[in-house]
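Below you'll find the structure, written out as structure tokens, and then a few comments.
Hydrogens, waters and symmetry mates are skipped; everything else that's a heavy atom, side chains included, is used. Every chain is numbered from 1, with letters handed out A, B, ... down the list of sequences.
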2 protein chains.
Amino acid sequence: MNYSLLLDHVSRHITLTEDEQSYFTSLLNFKKIRKKQFLNQEGEVSKGPAFVMSGLLRSYSLDKNGFEHVIQFAPPGWWIGDMYSVVNQQPGRLYIDALEDSEIVWLWKSDLDKLYSILPKFERLFRILAENSVIAYQDRLISNLSLPARERYAQFCRQYPSLTECLPQKQVASYIGVTPEFLSKMLNAPPHH
Amino acid sequence: MNYSLLLDHVSRHITLTEDEQSYFTSLLNFKKIRKKQFLNQEGEVSKGPAFVMSGLLRSYSLDKNGFEHVIQFAPPGWWIGDMYSVVNQQPGRLYIDALEDSEIVWLWKSDLDKLYSILPKFERLFRILAENSVIAYQDRLISNLSLPARERYAQFCRQYPSLTECLPQKQVASYIGVTPEFLSKMLNAPPHH
DNA sequence: CGGGAAACTTAAGGTAGGTTAAGTGGGTGA
DNA sequence: TCACCCACTTAACCTACCTTAAGTTTCCCG
């Protein structure tokens with residue numbers, strides 16, 4: 001198993017000896033997920049955070065009218081999971097599925113806790129990741145509260161140019177919070193002033 | 001100076017000896033903020049996270065039409081800050097001001113970093129706080145994407161009953177993402193089935 | 001290949017929520 | 001005590017975005 005993508009990612013925030021690296025990787029579980037298969041369904045207790053090695057995952061919630069709302073996309077090199085469910089070990093409210101055939105590695109919550117106590121450096125890693133996550137959610141909240149759909153779309157394209165290319169429009173629509181019909185109309189209409 | 005509110009809060013997540021407590025409190029800066037005064041203005045580099053001892057603060061962003069969008073309220077026992085600005089030591093996009101005369105304690109980012117290296121337990125504390133923050137922002141994002149204003153209001157009342165009582169309506173309107181006029185109309189109209 | 005499901009488009013009509021504007025009442029500082 | 005400000009209300013009008021529905025294209029799976 002080649003963990004270099006993950007170990008590179010980790011080493012951007014904390015430094016590990018070879019022994020520490022192999023202890024860390026010994027806790028990892030590997031999994032292939034084919035397109036449209038689920039890592040996680042609403043109402044299940046999420047096993048733990050997952051790191052994407054290849055492919056593309058997303059998390060979304062389903063409202064009572066059956067509409068999906070994308071919370072996050074996770075291309076290779078990103079973490080994804082249902083934080084609420086992992087932290088509280090309660091059934092979550094998110095679905096996580098693969099938009100492309102994907103490979104991930106994931107940790108049991110109990111192994112993560114072990115990792116924290118044996119290698120406290122990992123507290124730091126996950127603190128930093130959580131902080132970055134807070135920043136990203138805050139940014140998105142501000143956009144949702146203060147920008148019209150057209151500018152939210154423009155911001156998405158600026159922020160995730162590679163995703164913009166490979167995602168179907170309806171996924172982007174769901175992320176920025178409009179219907180696919182409206183996004184289509186927007187894109188095929190003359191740019192507003 | 002009486003730090004019991006803060007130390008109680010900290011001890012819910014990590015355990016400190018008396019020496020550790022006094023080292024921690026030695027890093028704290030105390031500040032009184034009168035109603036309508038700012039802790040933080042857009043474009044400034046935020047000094048660091050602040051813990052509210054008494055009073056009530058809020059953070060908000062200002063859009064290009066001059067409208068405020070409340071990101072967070074912070075009653076006593078809560079942390080508030082501009083995470084983006086603290087982490088990156090760059091000018092932030094948030095204003096933080098006091099809705100009531102308040103007292104806070106806050107940490108320089110550099111002291112926080114010292115604290116992490118001398119007492120790694122604090123990595124854990126702030127990891128947990130950041131994780132809870134992620135959960136809260138995710139929840140709010142889901143509400144904004146999938147619930148109509150009336151239900152966002154109901155959820156706010158359920159989630160923060162004490163804030164609902166003491167906040168002026170226009171602050172709540174700004175938090176749930178509607179105009180004060182619309183919230184007023186909503187509240188004075190017959191409940192929708 | 002062929003057929004069905006998705007993704008995308010177009011368009012008509014509807015609605016949640018915004019804008020503007022005017023008025024009321026309570027609180028507070030000079 | 002008065003003046004002013006600010007929170008809140010009301011109401012008429014407006015628009016960004018949604019709903020429904022139909023049609024076209026693409027693409028995948030058998």
Side-chain angles (χ1 to χ4, degrees), chain A residues 34-37 55-56 58 60 62-70 73 95 97-101 141 143-157 163-193, chain B residues 34-37 56 58 60 62-70 73 97-101 141 143-157 163-193:
Chain A
R34 320 204 121 258
K35 188 167 174 169
K36 297 194 184 180
Q37 284 189 329
L56 179 59
R58 68 166 178 164
Y60 64 94
L62 210 53
D63 69 28
K64 62 169 165 242
N65 303 315
F67 291 105
E68 298 174 1
H69 302 277
V70 172
F73 296 113
Y95 296 83
D97 66 1
L99 295 175
E100 305 293 346
D101 290 354
L141 187 60
S143 303
N144 277 288
L145 290 173
S146 52
L147 300 179
R150 187 178 293 276
E151 288 174 48
R152 294 200 308 272
Y153 180 76
Q155 181 174 308
F156 180 86
C157 295
L163 287 178
T164 312
E165 283 167 26
C166 72
L167 282 173
Q169 254 179 52
K170 67 175 289 204
Q171 298 298 334
V172 179
S174 166
Y175 184 93
I176 65 175
V178 296
T179 57
E181 292 85 352
F182 187 73
L183 178 56
S184 170
K185 192 201 300 187
M186 239 174 57
L187 295 178
N188 297 11
H192 245 186
H193 51 109
Chain B
R34 320 204 118 258
K35 188 168 174 168
K36 296 191 185 183
Q37 284 188 330
L56 180 60
R58 69 167 177 165
Y60 64 94
L62 210 53
D63 70 27
K64 63 169 166 244
N65 303 315
F67 291 105
E68 297 174 2
H69 302 277
V70 172
F73 295 114
D97 66 2
L99 295 175
E100 305 293 346
D101 290 353
L141 188 60
S143 302
N144 278 290
L145 291 172
S146 51
L147 299 179
R150 187 178 293 275
E151 288 174 48
R152 294 201 306 274
Y153 180 76
Q155 180 172 308
F156 180 85
C157 295
L163 286 178
T164 312
E165 284 167 26
C166 73
L167 283 173
Q169 252 178 54
K170 67 175 289 204
Q171 298 299 334
V172 178
S174 166
Y175 184 93
I176 65 175
V178 296
T179 57
E181 291 86 349
F182 186 72
L183 178 56
S184 170
K185 192 201 304 187
M186 240 174 57
L187 295 178
N188 297 13
H192 245 188
H193 54 109

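The closest side-chain donor-acceptor pair between B:Q155 and B:S143 falls under 3.5 angstrom.
A:E181 has its CD atom 10 Å from the C1' atom of D:dA21, to the nearest Å. Atom CG of B:L183 is separated from atom P of C:dA16 by 16 Å (rounded to the nearest Å). Atom CE of A:M186 and atom P of C:dT10 are 14 Å apart (whole Å). Straight-line distance from the CG atom of A:N188 to the C1' atom of C:dA11: 13 Å, rounded to whole Å. Rounded to an integer number of Å, the gap from B:K36 NZ to D:dA7 P is 6 Å. If you measure from atom CZ of A:R150 to atom C1' of D:dA16, you get 11 Å, rounded to the nearest angstrom. Atom NZ of A:K185 is separated from atom C1' of C:dG13 by 11 Å (rounded to the nearest Å). Rounded to whole Å, the distance from CD on B:Q171 to P on D:dC8 is 9 Å.
At the heavy-atom level, B:P148 lies under 4.0 Å from the strands shown only through sugar-phosphate atoms.
Counting only heavy atoms from C-beta outward, the side chains of A:L141 and B:N144 approach each other to under 4.5 Å.
Salt bridge status for A:K64 with B:E151: present, with a side-chain N to carboxylate O gap under 4.0 Å.
Within the 4.0 Å cut-off from OP1 or OP2 of D:dC18, at least one side-chain nitrogen or oxygen of A:T179 is found. Within the 4.0 Å cut-off from OP1 or OP2 of C:dT9, at least one side-chain nitrogen or oxygen of A:Q169 is found. The shortest distance between the side-chain N/O atoms of B:S184 and the OP1/OP2 oxygens of D:dC8 is not below 4.0 Å.
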Quiz item: Could you go step by step and tell me if A:L187 and A:Q169 meet the side chain to side chain contact (heavy atoms under 4.5 Å, CB included) rule?
Solution: CA-CA 10 Å; A:L187 295 178; A:Q169 254 179 52; 3.8 Å; yes
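Relative to the side chain of B:F67, the nucleotides C:dT19, C:dG17, D:dC17 differ in distance, and C:dT19 lies closest.
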